[in-house]
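These notes concern the structure reproduced below.
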Protein chains: 2
Amino acid sequence: MKEIPKKPRLSRAEAKARTREELLKAARVVFARYGYHGTSLDMVAEAAGYTKGAVYANFSGKEDLYLALLDNNLSTGDSELEELIISGVSFGTVSDKITENFYTELEDDRDWAALTVEFFAHAMRNETIRTKLTERIRLAQDYYTSCLEKRIAATGAELPMSVEQTATTLFVFSNALTLLALLDPQPELPGISARMLKMLLG
Amino acid sequence: MKEIPKKPRLSRAEAKARTREELLKAARVVFARYGYHGTSLDMVAEAAGYTKGAVYANFSGKEDLYLALLDNNLSTGDSELEELIISGVSFGTVSDKITENFYTELEDDRDWAALTVEFFAHAMRNETIRTKLTERIRLAQDYYTSCLEKRIAATGAELPMSVEQTATTLFVFSNALTLLALLDPQPELPGISARMLKMLLG
DNA sequence: GTCTATAGAACGATAGAC
DNA sequence: GTCTATCGTTCTATAGAC
């Protein structure tokens, strides 16, 4: 008689890793939808098909879960802006690209942006969390810096400030303008964005 | 015998209105200190010298109380930045002033800033509130615009964009940089602020 | 048999409603 | 002031991997 093929059982470590990934995946959806305060760990666990026990077996608590989520997101250089900066195309092209796509995919990020703002406010009132969020923001700034350095190497562009200062300015301004656009989609915002990029990227 | 002057009794409507004002006054302090989520109606009532019953007699709930606070809060052009813009002094002076005072009084606004960020996040998820906040932001942008126009009239400065665009940029950037500074007081931020002002004020 | 990831109950605190 | 609901966290029991 032919043997029924065995599906190899997951090792304990593999099972735990998978659980963690599924929890993170569920957390991304639930947090984005209901916000930080509006999300309970029960909701996350249920969405992932587990219970709170699984959450606490993999994360030290709610904050830790969110920060793990944030790290996951930061590690994927997702924004189109950075690619444009790196790519070394002329700022005319950069501007056109930005203006053209400004509002197209903005709405997809609405929930995540709201979540980010909410956690930012949370962090402003708590030393421990503030420190942890600060570390992540510094990493993001560093990433912008490295993008600019690549651009300089490729095009020899001259910046209006030091690379770090320009990177910080780009980071602050682009994020803030995105937030304003999500709250109030004024038609002038893409033009402002393009103009500022022109001034900053040299 | 001389009559003791009567202190006219408050009518019921007057008493209720006074209670409402005192609750709002207390709410402003408590909300700023503990944030929207961190504030309980008990705390507000107690700070005003009432009980929760008074709150529910005057507002339909926490959100309504907050919205009343928002409506009550007329934007008083408080920021030093606007005065500097209007005053028509050279950007060198403006920059020096900004750099010099950048962190001095920033900490005083921490609670208000955190509350604003928290409310912004809230507004991003609620159509009604978003509309109300949008109106206020437009007013703030208009105020910046009028400041810039006064500056232009006084100095004939040339801006890198239209007055409205420059005003929006100033508004977005200065607020965002303030928030970053409150979260993570990097020493480069004042310099960035000064440099950006120089670029924007012409 | 031992260890541990997870389920699920229990706890303590706190909120908003009325 | 009470009442109910809910949340984050902790604790314990258990099933399954080793």
Side-chain angles (χ1 to χ4, degrees), chain A residues 6-70 115 118-119 121-123 125-130 132-133, chain B residues 16 19-20 22-24 26-70 114-115 118-119 121-122 125-126 128-129:
Chain A
K6 287 177 188 168
K7 181 173 183 181
R9 229 174 256 155
L10 292 177
S11 77
R12 209 181 322 204
E14 287 170 336
K16 183 169 184 181
R18 195 188 58 175
T19 299
R20 189 189 151 93
E21 285 312 307
E22 285 172 349
L23 285 170
L24 278 174
K25 192 174 152 191
R28 179 156 50 236
V29 177
V30 178
F31 268 126
R33 175 139 191 184
Y34 298 102
Y36 186 76
H37 291 285
T39 294
S40 75
L41 296 184
D42 264 326
M43 294 159 73
V44 173
E46 190 180 3
Y50 295 91
T51 65
K52 271 183 300 191
V55 176
Y56 278 91
N58 284 281
F59 306 93
S60 69
K62 194 180 188 179
E63 285 168 10
D64 189 43
L65 175 59
Y66 173 82
L67 288 174
L69 203 57
L70 186 61
L115 176 63
E118 193 179 354
F119 195 78
H122 192 55
R125 302 202 185 261
N126 181 305
E127 270 299 299
T128 308
I129 306 178
R130 209 189 83 193
K132 291 180 180 172
L133 183 58
Chain B
K16 184 169 184 180
T19 300
R20 188 188 152 93
E22 286 172 348
L23 284 170
L24 279 174
R28 185 175 304 124
V29 177
V30 178
F31 270 124
R33 175 136 193 188
Y34 298 102
Y36 184 78
H37 291 285
T39 294
S40 74
L41 296 185
D42 260 326
M43 294 158 73
V44 174
E46 189 181 1
Y50 296 91
T51 63
K52 272 182 297 191
V55 176
Y56 279 95
N58 283 279
F59 305 94
S60 71
K62 192 181 188 179
E63 191 168 273
D64 188 43
L65 174 60
Y66 193 101
L67 283 175
L69 194 60
L70 179 70
L115 181 61
E118 201 177 350
F119 187 68
H122 195 57
R125 298 194 186 268
N126 181 306
T128 308
I129 304 179

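Please read these numbers as outputs of a predicted model, since none were measured by experiment. Just so it is clear: chains get the letters A, B, ... in the order the sequence lines come, proteins before strands, and each one is counted from 1.
A heavy-atom distance below 4.0 Å to DNA chain D is reached by none of the residues of residues 21-35 of chain A.
Under the rule for a side-chain contact (heavy atoms from CB on, under 4.5 Å), B:Glu46 has no partner lying at least two apart in sequence or in another chain.
For the pair A:Glu46 CD and D:dC7 P, the computed distance is 11 Å after rounding to whole Å. Computed from coordinates, the A:Arg18 CZ to D:dA17 P distance equals 11 Å when rounded to whole Å. Atom CZ in A:Phe59 sits roughly 16 Å away from atom P in D:dT10 (whole-Å rounding). Separating the CG atom of A:Leu41 from the P atom of D:dC7 is a distance of 9 Å, rounded to the nearest angstrom. In this structure, NE2 of B:His37 is placed 10 Å from P of C:dG16, rounded to the nearest angstrom. Here D:dG8 presents its C1' atom at 12 Å from CG of A:Leu65, a figure rounded to the nearest Å.
Along DNA chain D, the nucleotide nearest A:Ser60 and the nucleotide nearest B:Asp42 are compared for position; the residue whose nucleotide lies closer to the 5' end is B:Asp42.
Scanning all heavy atoms of the two residues, the minimum distance from B:Lys52 to B:Ala45 falls at N-CB, 3.7 Å. Taking all atoms of both residues into account, the shortest heavy-atom contact from B:Val44 to B:Ala26 is O-CB, 3.8 Å.
At least one cation-pi condition fails for A:Lys62 and A:Phe31: the charged atom is not both under 6.0 angstrom from the six-membered ring centre and inside a 45 degree cone around its axis.
Looking at A:Glu127 and A:Arg130, a side-chain N of the basic residue comes within less than 4.0 Å of a carboxylate O on the acidic one, giving a salt bridge.
Once rounded to the nearest 0.5 Å, the distance linking CG of B:Leu115 with OH of B:Tyr36 reads 10.5 Å. To the nearest 0.5 Å, atoms NZ (A:Lys16) and CG (A:Leu23) are separated by 11.0 Å. Here the CG-CG distance, from B:Leu65 to B:Leu24, works out to 6.5 Å after rounding to the nearest 0.5 Å.
Between A:His122 and B:His37, the gap from one ring centroid to the other reaches at least 6.0 Å.
Across all strands shown, A:Thr39 has heavy atoms under 4.0 Å from sugar-phosphate atoms exclusively, and none from any base.
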Response to the item:
Expected string for nucleotides 5-12 of chain C under the B/S/- scheme (protein heavy atoms, under 4.0 Å, primed atoms plus P, OP1, OP2 as sugar-phosphate) is SBBS-B--
